[in-house]
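Shown next, in structure tokens, is the structure this report addresses.
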Protein chains: 2
Amino acid sequence: MTYCVGLLLDAGLVMLSDTRTNAGLDHISIYRKMFVFENPGDRVIAIMTAGSLSITQTVIAKLQHEIDNPDATPASSIMLAETMLDVAEIIGQTLSDVSVSIGEKMARMESRQPHASMIVGGQRRGGEARLFLVYSEGNFIEATEDTPYFQIGEHKYGKPILDRVVHLNTSIEEGRKVVLLSMDSTMRSNLSVGMPLDLLTVRRDAYRVASRERIEPGDPTFSAMSDAWSRALRDAFHDMPG
Amino acid sequence: MTYCVGLLLDAGLVMLSDTRTNAGLDHISIYRKMFVFENPGDRVIAIMTAGSLSITQTVIAKLQHEIDNPDATPASSIMLAETMLDVAEIIGQTLSDVSVSIGEKMARMESRQPHASMIVGGQRRGGEARLFLVYSEGNFIEATEDTPYFQIGEHKYGKPILDRVVHLNTSIEEGRKVVLLSMDSTMRSNLSVGMPLDLLTVRRDAYRVASRERIEPGDPTFSAMSDAWSRALRDAFHDMPG
């Protein structure tokens with residue numbers, strides 16, 4: 001399983017993913033699910049992935065292949081695309097092509113159809129910071145003022161805190177805190193979502209990564225935050241009129 | 001969809017269900033999902049249901065039919081059964097029989113197999129207060145010291161608060177508060193879970209209902225609690241070290 005969450009704030013973008021993948025409970029591995037493409041000062045694009053690893057790895061490889069292709073065009077490479085919308089379209093098309101191709105192989109073996117989805121965020125010089133949710137079929141939706149966040153994977157446990165706290169005017173620092181608490185609630189309830197975590201922030205109109213961290217199991221700051229939140233919740237509960 | 005939650009506490013039982021059922025988003029109805037069987041001073045049994053209404057209504061009707069049957073035996077009527085374990089077995093067997101019978105009809109039409117599950121709580125004189133989760137197949141598990149609550153239906157949104165607050169020594173009053181907040185988080189995130197709510201409490205070794213309420217939409221106490229909790233969460237979040 002997977003949990004990834006991305007925020008689109010006035011201040012910029014905050015993106016967080018876990019790294020646990022599993023095929024059954026006894027085949028657990030760590031795979032990066034966040035991929036960052038950056039040309040500092042020109043553009044920064046972050047992709048987070050959920051679903052079939054065979055699909056998502058192939059999509060990322062194909063996107064990288066087109067970036068490295070000396071004949072790449074704005075229609076083929078996300079690093080040359082003229083807008084974030086074009087970036088989302090290239091990613092959606094690639095995801096759709098790979099899903100269909102792998103799906104055909106699976107159908108021949110009567111295996112279950114694999115699926116994957118992605119959150120894509122970024123900004124390029126001259127354009128707005130944007131956040132997209134790309135479905136397996138290649139179509140996508142965009143975050144708006146009313147819905148300034150997207151989640152993929154095991155999203156339900158971590159949603160109540162996002163719903164109550166995240167607004168467009170949430171700061172990057174508060175956004176960082178809320179996605180970590182949302183992840184914490186998810187990891188407590190679903191064993192197949194796990195550390196380490198990848199956390200990325202991008203400030204609006206900077207066109208570069210502001211911070212990028214990998215948070216390892218036992219990280220003292222994260223553990224302290226998790227404990228403080230549990231205490232705060234319990235205190236709030238006990239102080240509340242019933 | 002449905003959300004029901006039951007707590008087994010040292011102090012007794014707390015059970016809460018919503019009442020919304022839907023077949024698609026434009027066919028929404030209110031159906032009771034909590035059924036209480038009581039012989040005050042001897043026994044009290046509460047059943048909450050999730051899943052296919054065609055199954056759960058038939059199960060409740062069959063249980064009632066056996067209760068009313070002048071030839072009922074401890075093996076057939078939950079009001080005569082000698083232990084709560086026997087009660088769970090009668091309910092499980094009935095649920096399994098009905099599921100198979102309706103499933104066969106559906107299979108003939110190549111329709112999707114319907115499922116239902118139930119939470120059963122209660123106590124009879126001479127026995128312990130017990131709480132069971134009964135699966136569609138008729139088998140069941142029992143709440144323990146380590147896992148003093150069960151949920152059925154749309155359980156994920158409302159789980160983090162339960163995990164952090166519910167212990168065996170939680171009082172009935174606090175239990176009432178936590179199941180309502182768990183329901184509140186669920187209703188905020190899933191439109192197909194909705195008011196009114198049915199709330200039941202049973203004090204240990206009383207063998208009767210302690211309180212039974214239907215909480216209607218716009219109930220001022222529930223709304224105040226919901227608002228206070230959102231405020232408390234936001235305050236706790238802002239006061240927390242990041």
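Keep in mind the model is a prediction, meaning the values are calculated, not measured. Lettering of chains follows the sequences in order, A, B, ..., and the numbering in each one begins at 1.
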Study note, to complete from the structure: Max heavy-atom pairs within cutoff under 4.5 Å with chain B, candidates A:Gly158, A:Pro160, A:Ala232, goes to A:Pro160

Check your understanding: What is the distance from atom CE of A:Met240 to atom CE of B:Met225, rounded to the nearest 0.5 Å?
Key -> 5.0 Å

Revision key, fill the gap. For residues 178-186 of chain B against chain A, heavy atoms under 4.5 Å, the residues are B:Val178, B:Leu181, B:Asp184, B:Ser185

Practice item. Search all heavy atoms of A:His238 against all heavy atoms of B:Lys177 and return the closest pair with its distance. Key: O-NZ, 4.0 Å

Check your understanding: Within the side chain of B:Lys159, is there an N or O that forms a donor-acceptor pair under 3.5 Å with the backbone of A:Tyr157?
Key -> no

Revision key, fill the gap. Taken to the nearest 0.5 Å, the spacing of B:Leu233 CG from A:Phe237 CZ works out to 12.0 Å

**Study point:** CD (B:Glu145) with more than 12 external heavy atoms under 6.0 Å
**Key:** no

**Study point:** Partner set under ring-ring contact (aromatic ring centres under 6.0 Å, His included) for A:Phe37, not counting sequence neighbours
**Key:** none

Point to revise | Check: A:Lys156 and B:Glu154 side chains under 4.5 Å, non-hydrogen atoms | key: yes

